[in-house]
Participant: 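Below are the structure tokens for one structure; questions will follow.
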Amino acid sequence: MNINLEEKFAGHYHKKADALYFTPGRVNLIGEHIDYNGGLVMPCAITLGTWVAIARNNDNKFRFKSLNFDIETEVDNQPNAKNGSVWANYPIGILNEMIQDGKEISGLDFLFYGNIPIGSGLSSSASIEIATAYALNNFFNLGYQQLELVKMAKRVENDFIGLNSGIMDQFAVAFGEKDKAIVLDCETLKYKLVDVYLGNYVLAIINTNKPRELADSKYNERVAECQEALRLLNTEITLHNLCELTAEKLALHSHLIKDEVVLNRATHVVKENDRVHLAAKALNGGNLEEFGRLMYASHQSLRTLYEVSGKELDAVVDFCTGYPHVIGARMTGAGFGGCAIALLEKGFEEDFAKHLTDYYVAQIGYPAAIYISEIGSGPTKL
């Protein structure tokens, strides 16, 4: 963190912070748009994230300030409604869940700071949710298990914010471990950790700088298309979710889905789920080149079958395909803008940034932002 949050807290609230916490963001290495279809995903925590400083107050109020936004929000001790369309709805939603659950939480002042690009697909919202939940749980000794905090944050996202997202983002930022990826079954929440030995490579994160508002995007439309595919398939076979299918079984019953677009969506989901199995096998065997090939295949499927990439993300991946020191690249997150990731050979960070910027500006008209990250750890008290 390149700012002193405790100093900023004292300057704003005229008192010392009682505690300081950090929660990472995440990237999904592979397994995109299958978390809400009951499939396998492979996210990891990153070293970008959210810091929050907190201190008690005697007013029985909750005050939310972020160094990333101008708006400051204050709510009373029964925060059961959204406060406009501001970032503070994420921590307000967490507070609401805990108070509805009968937890005794007295007034607090919050100061947040994040270095995750907002709206980039690196899960700034999940990072804020888990940062709030982890801080409250630790500070008031509320006794929640980590998985309970994850489920709580997902309810906030779905019911309080109104976005039909899966559980991957919250899970990844809560359970991430350094130099490991999480292979998560989104249906059962069973998971295993896979060692990610990047060796002579680093994770380059490329923000297209095209902002995307997921709740206003076609995200919910894709969810509905997958639900329609599932409904049609269930007229002949019994499935709880699309990721119970193999590619062969889908081909056997594809005649049930007359709409080519809906069939394309289902095809992506089933084959992407298979790619996660193959990616875990590649990483376990230390085969980064094979993992990179699977990344490219994933992006192509998201581009042509699921149609969630767009010209900005495609421009980044097209450049990476022709750049000799990248062995794999793909969009990450929900798409419609946001970020791509690339496996970049160490020592070529500046060269990559320069040539990608030139290419991207020529194609899109404005620059992308490039970050180099390690695979980081989950939430912690500092």
Participant: Just do the ring-ring contact (aromatic ring centres under 6.0 Å, His included) check on Phe336 and Tyr219 with the steps written out, would you?
Facilitator: CA-CA 9 Å; Phe336 313 111; Tyr219 183 97; 7.6 Å; no
Participant: If you apply the rule side-chain contact (heavy atoms from CB on, under 4.5 Å), what do you find for Lys180 with Val194, and how did you get there?
Facilitator: CA-CA 5 Å; Lys180 293 183 187 295; Val194 176; over 6 Å; no
Participant: Can you confirm whether or not the ring centre of Phe9 sits under 6.0 Å from the ring centre of Tyr13?
Facilitator: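 For Phe9 and Tyr13, the ring centres are under 6.0 Å apart.
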Participant: Shared ILVMFWY cluster between Ile327 and Leu198, side chains joined below 4.5 angstrom?
Facilitator: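 Ile327 clusters together with Leu198.
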Participant: Could you check whether atom CD of Glu289 has more than 12 heavy atoms from other residues, nucleotides or ligands sitting under 6.0 Å from it?
Facilitator: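 Yes, CD of Glu289 has more than 12 neighbouring heavy atoms, counting only those of other groups under 6.0 Å.
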Participant: Would the distance check show the side chain of Thr380 and the main-chain N or O of Leu382 forming a donor-acceptor pair, the cut-off being under 3.5 Å?
Facilitator: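 Between the backbone of Leu382 and the side chain of Thr380 there is no qualifying donor-acceptor contact (under 3.5 Å).
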Participant: Just one of Leu184, Ile34, Val41, Asp185 clears the side-chain contact (heavy atoms from CB on, under 4.5 Å) bar with Val276, so which one?
Facilitator: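 When Leu184, Ile34, Val41, Asp185 are each tested with Val276, the side-chain contact (heavy atoms from CB on, under 4.5 Å) holds only for Ile34.
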Participant: Taking only residues two or more places apart in sequence, or in another chain, which ones meet Ser373 in a side-chain hydrogen bond (donor to acceptor under 3.5 Å, both in side chains)?
Facilitator: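 Once residues adjacent in sequence are excluded, the partners of Ser373 under the side-chain hydrogen bond (donor to acceptor under 3.5 Å, both in side chains) criterion are Thr47.
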Participant: Quick one: side-chain hydrogen bond (donor to acceptor under 3.5 Å, both in side chains) partners of Asp159, sequence neighbours excluded?
Facilitator: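 Partners of Asp159 by the side-chain hydrogen bond (donor to acceptor under 3.5 Å, both in side chains) criterion come out as none, since no residue qualifies.
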Participant: Got a second to check how far Tyr36's OH is from Cys243's SG, nearest 0.5 Å?
Facilitator: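 Rounded to the nearest 0.5 Å, the OH-SG separation comes to 10.0 Å.
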Participant: Atom CZ in Phe171, atom CD1 in Ile130: separation rounded to 0.5 Å?
Facilitator: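 So the gap between those two atoms works out to 10.5 Å.
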Participant: Of all heavy-atom pairs between Ala315 and Tyr359, which one has the smallest distance, and what is that distance?
Facilitator: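 Minimum heavy-atom separation between Ala315 and Tyr359: O-CE2, 3.3 Å.
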Participant: Hey, which of Trp87, Trp51, Phe69 is the one that makes ring pair (Phe, Tyr, Trp, His ring centres under 6.0 Å) with Phe112?
Facilitator: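 When Trp87, Trp51, Phe69 are each tested with Phe112, the ring pair (Phe, Tyr, Trp, His ring centres under 6.0 Å) holds only for Trp87.
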Participant: Compute whether any side-chain donor of one residue and acceptor of the other, for Thr332 and Asn28, lie under 3.5 angstrom apart.
Facilitator: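 There is no such pair (donor and acceptor under 3.5 Å, judged by atom type) between the side chains of Thr332 and Asn28.
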Participant: Whether the side chain of Asn137 engages the backbone of Tyr144 through a donor-acceptor N/O pair (distance < 3.5 Å, no angle test) should be reported.
Facilitator: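 Yes, the answer is positive, given that a donor and an acceptor are paired below the 3.5 Å cut-off.
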Participant: Tell me every residue that passes side-chain hydrogen bond (donor to acceptor under 3.5 Å, both in side chains) with Ser377, counting only those two or more places apart in sequence or in another chain.
Facilitator: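 Expected list: none.
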Participant: Count the heavy atoms belonging to other residues, nucleotides or ligands that lie under 6.0 Å from NE2 of His240, then report whether that count exceeds 12.
Facilitator: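 Result for NE2/His240: open.
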Participant: Fit a plane to each ring of His33 and Tyr306, take the angle between them on a 0 to 90° scale, and name the class: parallel (under 30°), tilted (30 to 60°) or perpendicular (over 60°).
Facilitator: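 His33 and Tyr306: tilted rings.
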Participant: Val270 and Ile237: same hydrophobic cluster, using ILVMFWY side-chain contacts below 4.5 Å?
Facilitator: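 Per the 4.5 Å side-chain linkage, Val270 and Ile237 are co-clustered.
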Participant: Is Val75 reachable from Phe140 through a run of hydrophobic residues whose side-chain heavy atoms are each under 4.5 Å from the next?
Facilitator: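 Same cluster.
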Participant: Ignoring hydrogens and angles, tell me if any N or O in the side chain of Ser127 forms a donor-acceptor pair with the backbone of Gly49 under 3.5 Å.
Facilitator: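 Pair absent, no side-chain N/O of Ser127 close to backbone of Gly49.
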Participant: Counting only heavy atoms not in Glu374, do more than 12 fall under 6.0 Å of its CD?
Facilitator: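 No, not enclosed.
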Participant: Using modelled atom types only, decide if a donor and an acceptor are shared between the side chain of Ser301 and the backbone of Ser298 within a distance under 3.5 Å.
Facilitator: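 No; judged by distance alone, with no hydrogens or angles, the pair does not exist.
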Participant: Mind listing the closest non-hydrogen atom pair of Ile206 and Ala368 along with its distance?
Facilitator: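 Minimum heavy-atom separation between Ile206 and Ala368: CG2-CB, 3.9 Å.
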Participant: With sequence neighbours excluded, give me every salt bridge (charged side-chain N to carboxylate O under 4.0 Å, His left out) pair touching residues 101-110.
Facilitator: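 Qualifying pairs, neighbours excluded: Lys15-Asp109, Arg63-Asp109.
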Participant: How long is the gap from NE2 on His299 to CD1 on Ile341, to the nearest 0.5 Å?
Facilitator: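 With rounding to 0.5 Å, NE2 (His299) is 11.5 Å from CD1 (Ile341).
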Participant: Which atom pair, heavy atoms only, marks the closest approach of Gly162 to Asn220?
Facilitator: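 Reported closest heavy-atom pair: O-ND2, 4.4 Å.
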Participant: If we ignore hydrogens and angles and just use 3.5 Å, is the side chain of Asn37 paired with the main-chain N or O of Leu242 as donor and acceptor?
Facilitator: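 Not a single qualifying donor-acceptor pair exists.
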Participant: Which pairs, with at least one residue in residues 340-349 and sequence neighbours excluded, count as a side-chain hydrogen bond (donor to acceptor under 3.5 Å, both in side chains)?
Facilitator: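 Non-adjacent pairs meeting side-chain hydrogen bond (donor to acceptor under 3.5 Å, both in side chains): His325-Glu345.
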Participant: In the single-linkage hydrophobic clustering (I, L, V, M, F, W, Y; side-chain heavy atoms under 4.5 Å), do Ile99 and Phe139 co-cluster?
Facilitator: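 Yes: a chain of side-chain contacts under 4.5 Å links Ile99 to Phe139.
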Participant: Could you tell me whether Glu148 atom CD has more than 12 heavy atoms of other residues or ligands within 6.0 Å of it?
Facilitator: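 Atom CD in Glu148 is crowded, with more than 12 foreign heavy atoms closer than 6.0 Å.
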Participant: Determine whether the side chains of Asn138 and Tyr21 contain a donor N or O and an acceptor N or O closer than 3.5 Å.
Facilitator: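 Yes, Tyr21 and Asn138 have a side-chain donor paired with an acceptor closer than 3.5 Å.
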Participant: Less than 3.5 Å apart, any donor N or O on the side chain of Lys8 or Asn4 sitting next to an acceptor on the other?
Facilitator: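 Lys8 vs Asn4: no donor-acceptor pair found between side chains.
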Participant: Please check if the side chain of Asp59 supplies one atom and the backbone of Lys61 the other of a donor-acceptor pair under 3.5 Å.
Facilitator: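 No, Asp59 side chain to Lys61 backbone: no donor-acceptor pair under 3.5 Å.
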Participant: Rounded to the nearest 0.5 Å, how far apart are CG of Leu278 and CZ of Phe291?
Facilitator: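 Nearest 0.5 Å value for the CG-CZ distance: 11.5 Å.
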Participant: Does Val261 share a hydrophobic cluster with Leu263, counting links as ILVMFWY side-chain heavy atoms below 4.5 Å and allowing steps through other members?
Facilitator: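 Looking at the clustering, Leu263 is in a separate group from Val261.
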Participant: Just wondering, do Lys178 and Ile375 contact through their side chains at under 4.5 Å, heavy atoms?
Facilitator: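 Side chain of Ile375 against side chain of Lys178, heavy atoms only: no contact under 4.5 Å found.
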Participant: Measure the spacing between CD of Gln363 and CG of Asp314 and express it to the nearest 0.5 Å.
Facilitator: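 CG of Asp314 is found 10.5 Å from CD of Gln363.
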Participant: Of the non-hydrogen atoms in Met42 and Ala280, which two are nearest, and what is the gap between them?
Facilitator: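 In this case the closest contact between Met42 and Ala280 is CE-N, 3.5 Å.
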Participant: Could you give the distance from CG (Leu142) to CG (Leu136), rounded to the nearest 0.5 Å?
Facilitator: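 Leu142 CG to Leu136 CG: 7.0 Å, rounded to 0.5 Å.
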Participant: Before you tell me yes or no, could you show the steps for Thr267 and Lys271 under side-chain contact (heavy atoms from CB on, under 4.5 Å), namely the whole-Å CA-CA distance, both residues' side-chain angles and the distance that decides it to 0.1 Å?
Facilitator: CA-CA 6 Å; Thr267 302; Lys271 291 189 173 180; 4.1 Å; yes
Participant: Looking at every non-hydrogen atom in both residues, tell me the closest pair between Leu356 and Ile370 and how far apart they are.
Facilitator: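 Smallest heavy-atom distance, with atoms named: CD2-CD1, 3.9 Å.
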Participant: Output yes when a side-chain donor or acceptor of Asn287 lies under 3.5 Å from a complementary backbone atom of Leu283, and no otherwise.
Facilitator: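 No; zero donor-acceptor contacts below 3.5 Å.
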Participant: Could you tell me whether the side chain of Glu228 and the main chain of Val262 form a donor-acceptor pair under 3.5 Å?
Facilitator: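 The answer is no, because no donor-acceptor pair under 3.5 Å joins these two groups.
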Participant: Does a salt bridge link Glu307 with Arg222, judged by any charged N lying under 4.0 Å from a carboxylate O?
Facilitator: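 Salt bridge absent between Glu307 and Arg222.
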Participant: side-chain contact (heavy atoms from CB on, under 4.5 Å) for Tyr113 and Thr50? Distances and angles first, verdict last.
Facilitator: CA-CA 6 Å; Tyr113 168 71; Thr50 303; over 6 Å; no
Participant: Is a side-chain donor-acceptor pair under 3.5 Å present for Tyr323 with Asp351?
Facilitator: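 Judged by distance alone, the side chains do pair up.
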Participant: Do the side chains of Val52 and Thr132 get nearer than 4.5 Å, heavy atoms only?
Facilitator: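 No, side chains not in contact.
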Participant: Are the side chain of Asp35 and the backbone N or O of Cys186 linked by a donor-acceptor pair below 3.5 Å?
Facilitator: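 No.
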Participant: Looking at residues at least two apart in the chain, or sitting in another chain, which of them share a salt bridge (charged side-chain N to carboxylate O under 4.0 Å, His left out) with Arg275?
Facilitator: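 With sequence neighbours excluded, Arg275 shows a salt bridge (charged side-chain N to carboxylate O under 4.0 Å, His left out) to Glu272, given in chain and number order.
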Participant: Answer with yes or no whether the side chains of Glu32 and His268 bring together a donor and an acceptor at under 3.5 Å.
Facilitator: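 On atom types as modelled, these side chains do not qualify, holding no pair under 3.5 Å.
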Participant: Looking only at side chains, do His355 and Glu350 share a donor and an acceptor under 3.5 Å apart?
Facilitator: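 No, no side-chain donor-acceptor contact under 3.5 Å.
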Participant: Below 4.0 angstrom, N of the basic side chain to O of the carboxylate: do Glu97 and Arg155 qualify?
Facilitator: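 Salt bridge between Glu97 and Arg155, a charged N being under 4.0 Å from a carboxylate O: yes.
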Participant: Tell me whether Asp169 contacts the main-chain N or O of Arg26 through its side chain, where contact means a donor paired with an acceptor under 3.5 Å.
Facilitator: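 Absent.
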Participant: Which atoms form the tightest heavy-atom contact between Asp318 and Arg303, and what is the distance?
Facilitator: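 Closest approach of Asp318 to Arg303: OD1-NH1, 2.9 Å.
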